[in-house]
Amino acid sequence: MDDCPKDICAVTDSSTEGVPASQPPLDPNGTTQRSSEELVARAIAPVKREFLRPPPSSRTTQNNPASDTNVKQPQANVVQEKKSKRQLKRERRQEQNSPLNLCPEIAKTGDVNACSYKDKCRFSHDIEAFMAQKPADLEGDCPFIKADAPCPYGLACRFAGTHKDNAPIATSNLLKKSSEVNGLSKDVQKLLWKNKMRFTKADAVVKSLGLAGPNWKVKKLVDKEEDEVGLDGSHAADETNCKKVVDDSVDCSECPSTFPAVVNAEEACETDELRPLKKAKLLVDEKCSDEGEEPDRSPKICNLKDATVLEKYNEKKSAETELADDVHAEPDKSLKIHPREKMLIDFREKLYLAPLTTVGNLPFRRVCKTLGADVTCGEMAMCTNLLQGQASEWALLRRHSSEDLFGVQICGAYPDTVARTVELIEKECTVDFIDINMGCPIDIVVDKGAGSFLLTKPLRMKGIIQAASGTVDKPITVKVRTGYFGGKNRIDSLIADIGSWGATAVTIHGRSRQQRYSKLADWDYIYQCARKAPSTLQVLGNGDIFSYLDWNNRKTDSPELSTCMIARGALIKPWLFTEIKEQRHWDISSQERLNILKEYVRFGLEHWGSDKKGVETTRHFVLEWLSYACRYIPVGLLDVIPQRLNWRPPSYYGRDDLETLMASDSAADWIRISEMLLGKVPDGFTFAPKHKSNAYDRAENG
């Protein structure tokens with residue numbers, strides 16, 4: 001190799017001296033040199049020999065690269081994380097009282113008298129103390145000024161030095177109002193907090209399906225028996241298999257063969273009530289008067305403010321309520337939506353960015369849109385958290401104006417919960433479709449009976465899909481895995497029914513729940529399911545798409561597939577969408593990759609804010625993304641292209657220092673990259689990737 005660096009050649013030559021001719025020489029990693037074919041067979045990336053380097057003597061995740069004394073720092077961090085809720089609440093209050101936590105209204109205007117709460121305000125009003133302790137401004141311009149909008153953070157902005165002297169004062173986040181939708185209004189949030197929100201249409205649909213009423217107990221018993229048989233390897237799918245299951249354990253007379261939706265609807269509405277989502281925090285007396293008495297804070301005394309909020313919201317939604325009441329009165333006439341009246345989305349040939357937990361946030365989706373993604377979907381949101389009005393969960397539903405084809409993904413365990421959630425989303429959000437996650441493998445989700453746990457309960461899957469599709473006009477899509485346990489696939493037996501239950505599309509991840517993300521996706525099984533699907537049901541494949549050749553091969557091997565969903569491949573190289581559209585392997589440079597990161601940071605500051613909190617939130621998600629992006633190996637460094645998703649990259653040098661830094665799997669190097677974008681990290685800063693904290697601690701998880 002003439003172009004081999006001298007130091008690398010020296011290491012290689014010295015390592016081969018004295019080695020018998022019968023043994024292959026050692027490479028710079030200290031291991032036996034293997035051919036590219038042998039490396040690929042072992043799932044090791046075949047990096048060119050001239051770029052290989054010895055692995056670091058000790059891989060560290062220390063967040064301060066200059067610190068060599070804090071060897072036991074990770075143990076100390078674990079101890080610090082184990083704080084009680086009371087301690088955390090006390091720390092939050094102390095932080096609020098800190099001079100660095102300036103009142104937002106005062107920060108916007110620079111006027112101490114701008115805050116309407118005066119002395120009762122939770123935040124500091126001392127501008128001089130704030131300016132004395134405020135960190136130095138970051139390099140660059142304020143992202144809001146670039147967007148020709150007044151900065152809503154004023155003095156608190158980390159780019160305040162770039163603000164124009166005569167710039168208009170921002171009374172609210174004008175940029176978010178113009179570019180982001182699907183926010184949670186205070187009136188709706190209060191009704192959800194008090195458990196006063198009405199879900200008339202969803203409740204009527206659930207009851208009309210026999211999922212709440214006299215037949216519900218029977219159906220739950222049948223569901224349990226069918227699930228036990230299904231776990232033993234049976235592929236019972238729908239009510240036609242119900243009789244076979246019941247014959248072994250339950251009297252057939254107690255199990256209606258078709259669970260009629262109309263016959264028992266009125267009786268169900270008159271008798272049983274739906275399971276309450278949670279206890280109301282405050283009982284509001286609807287007959288509360290306007291008298292000038294001070295309302296008692298006891299939970300049993302009426303609250304005029306709550307009643308006013310409820311009345312205001314009811315007036316706003318009066319037309320929808322009247323329509324829902326009509327549906328409740330005559331479920332057999334208006335609940336059934338003709339298929340031609342259902343909104344449809346054509347996913348064929350569209351590049352679909354999968355809903356990705358943690359990293360698939362709004363700024364990341366904006367980056368993917370600029371790089372060629374056609375369809376985007378929000379992060380998975382739990383139905384119970386949405387119905388409780390949790391602001392952090394509702395933030396997952398936010399949509400940017402650049403997302404022209406956008407859906408949200410929800411996850412729930414029961415038909416009534418999912419039906420209420422989709423009704424609420426249709427009322428309060430602007431979405432093109434709603435995706436129901438029935439494949440999430442995370443323990444905390446599965447233990448609640450949601451996600452991939454539903455793969456063991458096909459009758460509950462049926463109830464959830466029917467309830468959701470019958471409640472809203474938006475298209476309902478479903479995301480599943482091949483099965484719960486490895487070697488016991490069951491989606492092929494359900495694929496024909498999923499369309500008849502009301503879903504317009506189904507995405508199949510070619511792994512079981514037990515596999516998680518190990519081994520390769522089973523695309524042959526996905527093809528089998530696509531061939532069995534009815535023509536009215538679009539089938540999307542998911543798993544290991546990492547190059548335009550992967551995309552082409554999947555589409556060629558199975559013309560029945562509408563499209564392929566791209567997940568982890570987009571996390572590692574979001575320019576994959578560009579490669580597919582331009583049909584090329586993009587040997588992207590380190591500077592181009594850094595520019596993509598800069599674009600992400602700008603989008604993040606617009607979304608999370610340009611103040612101290614927003615900057616650190618943006619930094620956190622940059623680091624989460626870098627924990628995936630470091631797995632990318634530049635095209636010019638590989639002996640075999642394209643890179644496969646399951647290849648383990650060896651230690652290697654990049655073509656420049658920045659490329660070498662981006663290839664590091666050390667959290668300390670990720671932090672160095674973040675400091676290039678967002679300045680120095682605060683004192684005591686720590687970081688551990690979220691996706692590495694999920695241990696496979698159960699035998700059933702492999």
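Along the sequence shown, residues are numbered consecutively beginning with 1. None of these values were measured; they are calculated from a predicted model.
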Legend entry - Y414 side chain reached by L211 side chain, heavy atoms, under 4.5 Å: no
Legend entry - Stepwise side-chain contact (heavy atoms from CB on, under 4.5 Å) test for L396 and M380: CA-CA 7 Å; L396 305 178; M380 183 185 73; over 6 Å; no
Legend entry - Results of salt bridge (charged side-chain N to carboxylate O under 4.0 Å, His left out) for K350 - residues two or more places apart only: none
Legend entry - Donor-acceptor contact below 3.5 Å, side chain H509 vs main chain R511: no
Legend entry - Heavy-atom donor-acceptor pair, N437 side chain to G451 backbone, under 3.5 Å: no
Inset, instruction - Answer yes or no: is there a side-chain heavy-atom contact under 4.5 Å between V506 and V480? - result: yes
Inset, instruction - Can you measure from NZ (K462) to NZ (K457) and round to the nearest 0.5 angstrom? - result: 15.5 Å
Inset, instruction - Identify the heavy atoms of E426 and T471 that sit nearest to each other, and give their distance. - result: OE1-O, 4.2 Å
Legend entry - Criterion side-chain contact (heavy atoms from CB on, under 4.5 Å) on H400 and R365, from CA distance to verdict: CA-CA 9 Å; H400 192 264; R365 299 197 303 270; over 6 Å; no
Legend entry - Pairwise side-chain contact, H607 with R366, heavy-atom cut-off 4.5 Å (strictly under): no
Inset, instruction - Would you please test R554 and I526 for side-chain contact (heavy atoms from CB on, under 4.5 Å) and show each step? - result: CA-CA 10 Å; R554 303 312 176 197; I526 296 176; over 6 Å; no
Inset, instruction - Starting at CG of L537, measure out to SG of C529 and round the result to the nearest 0.5 Å. - result: 10.5 Å
Legend entry - Flag, side chain of E560 to backbone of A533, donor-acceptor distance under 3.5 Å: no
Inset, instruction - Measure across I508 and V539 and return the closest heavy-atom pair with its distance rounded to 0.1 Å. - result: CD1-CG1, 4.0 Å
Legend entry - Aromatic ring pairing F347/F433, orientation class (parallel under 30°, perpendicular over 60°, tilted between): perpendicular
Inset, instruction - Hey, could you give me the CZ/CG distance between R531 and D492, rounded to the nearest 0.5 Å? - result: 11.0 Å
Inset, instruction - Please determine if K207 and D416 form a salt bridge, counting it only when a charged side-chain N lies under 4.0 Å from a carboxylate O. - result: no
Legend entry - Shortest non-hydrogen separation from G486 to Q514 and the atoms involved: N-OE1, 3.1 Å
Inset, instruction - Spell out, as yes or no, whether a donor-acceptor pair under 3.5 Å connects the side chain of W625 to the backbone of L571. - result: yes
Legend entry - K448 side, atom NZ; I442 side, atom CD1 - distance, nearest 0.5 Å: 11.0 Å
Inset, instruction - Look only at the side chain of Q189 and the backbone of G389, and say whether a donor-acceptor pair between them is shorter than 3.5 Å. - result: yes
Inset, instruction - Decide yes or no for L386 and L192: does some side-chain heavy atom of the first lie under 4.5 Å from some side-chain heavy atom of the second? - result: no
Legend entry - Pi-cation contact, F406 with R399 (under 6.0 Å, within 45°): no
Legend entry - R348: partners by salt bridge (charged side-chain N to carboxylate O under 4.0 Å, His left out), with sequence neighbours left out: D346
Inset, instruction - Kindly give the heavy-atom pair with the smallest separation between R460 and L454, and that separation in Å. - result: CD-CD2, 3.6 Å
Inset, instruction - Give a yes/no verdict on a cation-pi contact between R481 and Y525, requiring under 6.0 Å between NZ or CZ and the six-membered ring centre and an angle within 45° of the axis. - result: no
Inset, instruction - Apply side-chain contact (heavy atoms from CB on, under 4.5 Å) to M565 and K479, showing your working. - result: CA-CA 10 Å; M565 180 181 283; K479 190 170 189 292; 3.5 Å; yes
Inset, instruction - Going by the side-chain hydrogen bond (donor to acceptor under 3.5 Å, both in side chains) test, name the single residue among T477, T357, D435 that passes it with Q409. - result: D435
Legend entry - Heavy-atom closest pair, residues K555 and T563: NZ-N, 4.0 Å
Legend entry - Side chain to side chain, W394 and E428, heavy atoms closer than 4.5 Å: yes
Inset, instruction - Give a yes or no answer on whether the side chain of N385 reaches the backbone of Q390 with a donor-acceptor pair at less than 3.5 Å. - result: no
Inset, instruction - Would you check if V422 and K474 make a side-chain contact, meaning some heavy-atom pair closer than 4.5 Å? - result: no
Legend entry - Pairwise distance CD(Q528) to OG1(T482) - rounded to 0.5 angstrom: 11.0 Å
Legend entry - From CG (L455) to CZ (R513), nearest 0.5 Å: 10.5 Å
Legend entry - Expected output: side-chain D374 to main-chain L351 donor-acceptor under 3.5 Å: yes
Inset, instruction - Establish, from distance only, whether the side-chain atoms of T376 and E403 form a donor-acceptor pair under 3.5 Å. - result: yes
Inset, instruction - List the atom of W523, the atom of N542, and the distance in Å for their closest heavy-atom pair. - result: CH2-N, 3.6 Å
Legend entry - Check: F364 and L353 side chains under 4.5 Å, non-hydrogen atoms: yes
Inset, instruction - Would you mind reporting whether F577 and C368 have side-chain heavy atoms less than 4.5 Å apart? - result: yes
